[in-house]
Amino acid sequence: MSDDWKNNPKLSQMDPQKLSMLQNLADQGLGKNPSELMPFIMGAASQGKNAGLNFSSDEISAIIEVLKIGKSPTEIARLDRIVNLMKMIRH
(Lines give C-alpha, C1' and ligand atoms only; values in the text may rest on other atoms or scores of the structure.)
Protein backbone atom coordinates (compact mmCIF):
# COMPACT_ATOMS: atom_id res chain seq x y z
CA MET A 1 0.00 0.00 0.00
CA SER A 2 1.24 3.47 -0.87
CA ASP A 3 2.04 5.97 1.85
CA ASP A 4 0.32 8.79 -0.11
CA TRP A 5 -2.70 8.78 2.21
CA LYS A 6 -0.47 9.94 5.08
CA ASN A 7 0.10 13.23 3.24
CA ASN A 8 -3.61 14.05 3.14
CA PRO A 9 -4.14 17.49 4.71
CA LYS A 10 -6.91 16.08 6.93
CA LEU A 11 -4.25 14.03 8.72
CA SER A 12 -1.56 16.71 8.83
CA GLN A 13 -1.84 17.29 12.58
CA MET A 14 -1.84 13.61 13.54
CA ASP A 15 1.03 12.20 15.58
CA PRO A 16 3.52 10.38 13.30
CA GLN A 17 3.40 7.37 15.64
CA LYS A 18 -0.35 7.11 15.06
CA LEU A 19 0.16 7.38 11.30
CA SER A 20 2.74 4.62 11.45
CA MET A 21 0.33 2.40 13.36
CA LEU A 22 -2.38 3.11 10.78
CA GLN A 23 0.00 2.17 7.96
CA ASN A 24 0.77 -1.15 9.66
CA LEU A 25 -2.94 -1.82 10.13
CA ALA A 26 -3.69 -0.92 6.53
CA ASP A 27 -1.00 -3.33 5.35
CA GLN A 28 -2.35 -6.11 7.59
CA GLY A 29 -5.93 -5.46 6.50
CA LEU A 30 -5.26 -5.85 2.78
CA GLY A 31 -7.29 -8.63 1.25
CA LYS A 32 -9.63 -9.09 4.19
CA ASN A 33 -13.23 -9.72 3.24
CA PRO A 34 -16.10 -7.84 4.93
CA SER A 35 -16.79 -10.61 7.44
CA GLU A 36 -13.14 -10.54 8.57
CA LEU A 37 -12.97 -6.75 8.68
CA MET A 38 -15.06 -6.10 11.80
CA PRO A 39 -13.08 -8.40 14.14
CA PHE A 40 -9.86 -7.07 12.61
CA ILE A 41 -10.84 -3.44 13.26
CA MET A 42 -11.95 -4.23 16.81
CA GLY A 43 -8.65 -6.01 17.48
CA ALA A 44 -6.72 -3.10 16.01
CA ALA A 45 -8.56 -0.64 18.25
CA SER A 46 -7.67 -2.77 21.27
CA GLN A 47 -4.01 -2.94 20.19
CA GLY A 48 -3.92 0.84 19.85
CA LYS A 49 -5.33 1.35 23.33
CA ASN A 50 -2.85 -1.13 24.78
CA ALA A 51 -0.04 0.78 23.07
CA GLY A 52 -1.30 4.03 24.59
CA LEU A 53 -2.50 5.43 21.27
CA ASN A 54 -5.90 6.98 21.75
CA PHE A 55 -7.50 8.64 18.74
CA SER A 56 -9.72 11.67 19.23
CA SER A 57 -13.14 11.88 17.60
CA ASP A 58 -11.74 14.40 15.11
CA GLU A 59 -8.86 12.06 14.22
CA ILE A 60 -11.23 9.15 13.72
CA SER A 61 -13.50 11.27 11.51
CA ALA A 62 -10.51 12.40 9.44
CA ILE A 63 -9.27 8.82 9.02
CA ILE A 64 -12.70 7.67 7.87
CA GLU A 65 -12.96 10.51 5.35
CA VAL A 66 -9.51 9.70 3.96
CA LEU A 67 -10.44 6.01 3.71
CA LYS A 68 -13.44 6.94 1.56
CA ILE A 69 -11.38 8.80 -1.04
CA GLY A 70 -11.41 6.97 -4.37
CA LYS A 71 -13.80 4.27 -3.15
CA SER A 72 -16.92 3.19 -4.98
CA PRO A 73 -20.34 4.04 -3.55
CA THR A 74 -20.68 0.38 -2.50
CA GLU A 75 -17.36 0.46 -0.64
CA ILE A 76 -18.27 3.76 1.03
CA ALA A 77 -21.62 2.32 2.15
CA ARG A 78 -19.85 -0.75 3.56
CA LEU A 79 -17.40 1.46 5.45
CA ASP A 80 -20.27 3.53 6.82
CA ARG A 81 -22.02 0.36 8.03
CA ILE A 82 -18.85 -0.81 9.79
CA VAL A 83 -18.42 2.58 11.45
CA ASN A 84 -22.04 2.58 12.61
CA LEU A 85 -21.68 -0.95 14.00
CA MET A 86 -18.56 0.07 15.88
CA LYS A 87 -20.37 3.08 17.36
CA MET A 88 -23.21 0.84 18.53
CA ILE A 89 -20.77 -1.61 20.12
CA ARG A 90 -18.89 1.15 21.96
CA HIS A 91 -22.06 2.48 23.65
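In this text the structure is predicted, and so the values were computed from the model without any measurement.
- In this structure, CG in N8 is found 10.5 Å from CG in L19, a value given to the nearest 0.5 Å.
- Every residue meeting the side-chain contact (heavy atoms from CB on, under 4.5 Å) condition with S72, not counting sequence neighbours, appears here in chain and number order: T74, E75.
- Contacts classified as salt bridge (charged side-chain N to carboxylate O under 4.0 Å, His left out) and involving residues 58-67 (residues at least two apart or in different chains) are given here: K18-E59, E65-K68.
- Under a hydrophobic-cluster definition in which Ile, Leu, Val, Met, Phe, Trp and Tyr are linked whenever side-chain heavy atoms come within less than 4.5 Å, directly or via other members, V83 and I76 are assigned to different clusters.
- Here the CE-CZ distance, from M21 to F55, works out to 5.0 Å after rounding to the nearest 0.5 Å.
- Hydrophobic clustering, with ILVMFWY side chains joined whenever heavy atoms are under 4.5 angstrom apart, groups L53 together with M14.
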